[in-house]
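Right, one structure below, let's go through it.
Basis for what follows: all heavy atoms, side chains included, without hydrogens, waters or symmetry-related copies. The model shown is predicted, which means the values in this text are computed figures rather than measured ones.
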Amino acid sequence: MRFSLPIVLSVLGVAAAVALGTSALTVGVAAQAPAAQAPAAQAPAAQSPAGKSPAAKTPATQPASPQPANAPPAAKPAGAAPSDPKAGGEGGDEPPQVPAAEPGKGEPGKGEPGKAGAESAMPPPVGFTRLSKVHAVYIHGERKLVAVDGRVCLNRGPLEMFACPQKTKEHESIVAVYSDAMTVHAALLAIGAKSGNPVSFNPDYKPATGSRIDIQILWTDKKTGQRQQVPAQQWIRHSRTKKQLEYNWVFGGSSFFLDEETKKQIYQAESGDLVCVSNFPTATLDLPIESSQANADLEFEAFTERIAPVGTPIRLIFSIGKP
């Protein structure tokens, strides 16, 4: 079920009005609900299944830009910007350049899953509007970007996720974000992304569908003071071939179930399935290829040599990719 902008703003507040900037926008999910809960009427709309994205080459590290005053020097571009629709390669559109993460005063938190805590040590990105008081999620309505703060929680070993809400699946995810999955879902809808269908296995395998979502990672190298920006694929590699991830994510949109005891609708990605590399019907973002979630057959692992140290503050930038 879709809601008009006035209903969305009644949930998200005045800040969303500034960020969205148009009364014509409609979205399917915009709850500012506690983690793991959402109203039943907010289930994402479905779309038809789609195929997989083309393969990709390794893109070069890109610096974040512009820089605020008194910031350390930015890293110089090392090569061509990633192309579209691949994760990397020559030519094509440049990745979104946004203000990078810079350590600063953290926000008080209660240690609840997904909520911003003392570790969220980045200033707000320039030109963005915060979507929530308790989740570190920002949107740039004009540029159609979503920024989500978090930290590196793992840099070696097999993966089922790339990113999860904090205090959920950090043992199998590279990044823990200071947001619940529902708020990230709402932010993606607010910039115009279309949720499709999660992966299904019965009677036959059908990949997740929905808008293609590109993800950039921003952080500051503690040794050099330089700001870094790379596609998320650079931090993930295939377990057998050792080649970096060659696919982009799609906005499957997770799903809901009714808690028989509380009679509340539960947004299933709150269990940790925010940005997955193994297929989960509960994933908000999933890969459009078959990827096992069995521990003995996990397809992907952390690309250790490329990942920032555990605990490094990072900012994820989500944008809508070309089909």
**Study point:** Residues K169 and D273 bridged, charged N to O under 4.0 Å
**Key:** yes
Exercise for review: Look at the side chain of T183 and the backbone N and O of D180, then say whether any donor-acceptor pair between them is shorter than 3.5 Å.
Suggested key: no
Check your understanding: In terms of heavy-atom contacts, does NZ of K242 have more than 12 from other residues, nucleotides or ligands at under 6.0 Å?
Key -> yes
Check your understanding: With the threshold set at 4.0 Å, does a side-chain nitrogen-carboxylate oxygen contact exist between R237 and E246?
Key -> no
**Study point:** Q216/L316 under side-chain contact (heavy atoms from CB on, under 4.5 Å): CA gap, chis, key distance, verdict
**Key:** CA-CA 6 Å; Q216 297 279 323; L316 299 181; over 6 Å; no
Practice item. Measure the shortest side-chain to side-chain distance between D214 and I317 over non-hydrogen atoms and say whether it is less than 4.5 angstrom. Key: no
Check your understanding: Roughly how far, to the nearest 0.5 Å, is OG1 of T168 from CD of E270?
Key -> 9.0 Å
Exercise for review: Compute the centroid of each ring, for H135 and then for Y178, and state whether the two points are separated by less than 6.0 Å.
Suggested key: no
Practice item. Can you sort out the partners of E170 under salt bridge (charged side-chain N to carboxylate O under 4.0 Å, His left out), two or more places apart, ordered by chain and number? Key: R151
Exercise for review: Could you pull out all residues at least two apart from E261 that satisfy salt bridge (charged side-chain N to carboxylate O under 4.0 Å, His left out)?
Suggested key: none
Check your understanding: In Å, rounded to the nearest 0.5 Å, how long is the span from CD1 of I266 to OG1 of T282?
Key -> 13.5 Å
Review point. What pairs with D286 under salt bridge (charged side-chain N to carboxylate O under 4.0 Å, His left out), at least two apart in sequence or on another chain?
Key: none
Review point. Has the side chain of N279 got a donor or acceptor atom that lies under 3.5 Å from a matching backbone atom of I289?
Key: yes
Review point. Is D204 salt-bridged to K206, going by a charged N under 4.0 Å from an acidic O?
Key: no
Point to revise | Heavy-atom check, side chain of S173 versus side chain of E160, under 4.5 Å | key: no
Review point. Side chains of Q268 and F256: closer than 4.5 Å at any heavy-atom pair?
Key: no
Check your understanding: Between T220 (side chain) and K222 (backbone), is there a donor-acceptor pair under 3.5 Å?
Key -> no
Check your understanding: So, are D259 and K264 salt-bridged, with charged N and O less than 4.0 Å apart?
Key -> no
Exercise for review: Would you mind checking if E299 and R240 are paired as a salt bridge, meaning a charged N to carboxylate O distance below 4.0 Å?
Suggested key: yes
Point to revise | Rounded distance [0.5 Å steps], SG in C153 versus NZ in K167 | key: 11.5 Å
Exercise for review: Supply the atom-to-atom distance R143 CZ to F128 CZ, rounded to the nearest 0.5 angstrom.
Suggested key: 6.0 Å
Practice item. Taking the side chain as every heavy atom from C-beta outward, state whether T209 and F251 have any atom pair closer than 4.5 Å. Key: no
Review point. Passes side-chain contact (heavy atoms from CB on, under 4.5 Å), V310 versus L154? Steps please.
Key: CA-CA 6 Å; V310 170; L154 179 149; 5.6 Å; no
Check your understanding: So, does R130 use its side chain to make a donor-acceptor pair with the main chain of S132 at under 3.5 Å?
Key -> yes
Check your understanding: Which atoms form the tightest heavy-atom contact between S179 and V137, and what is the distance?
Key -> OG-CG2, 3.2 Å
Check your understanding: Can you tell me how far the CH2 atom of W219 sits from the CZ atom of R315, to the nearest 0.5 Å?
Key -> 14.5 Å
Check your understanding: In terms of ring plane angle, is the pair W249 and F162 parallel, tilted or perpendicular, where the classes change at 30° and 60°?
Key -> tilted
Review point. Is the backbone N or O of K194 less than 3.5 Å from a side-chain atom of S211, with the two atoms forming a donor-acceptor pair by type?
Key: yes
Review point. Side chains of L245 and H238: closer than 4.5 Å at any heavy-atom pair?
Key: no
Review point. Counting distance only, does the side-chain N/O of T241 pair as donor-acceptor with the main-chain N or O of K243 below 3.5 Å?
Key: yes
Check your understanding: To the nearest 0.5 Å, how far apart are CG in N197 and OG in S254?
Key -> 12.0 Å
Practice item. Identify the residue among D149, L131, V146, T129 that makes a side-chain contact (heavy atoms from CB on, under 4.5 Å) with Y138. Key: D149
**Study point:** Donor-acceptor pair, side chain of Y267 and main chain of A181, under 3.5 angstrom
**Key:** no
Review point. Given the rule that I, L, V, M, F, W and Y join up when any side-chain heavy atoms are under 4.5 Å apart, are I174 and F303 in one cluster?
Key: no
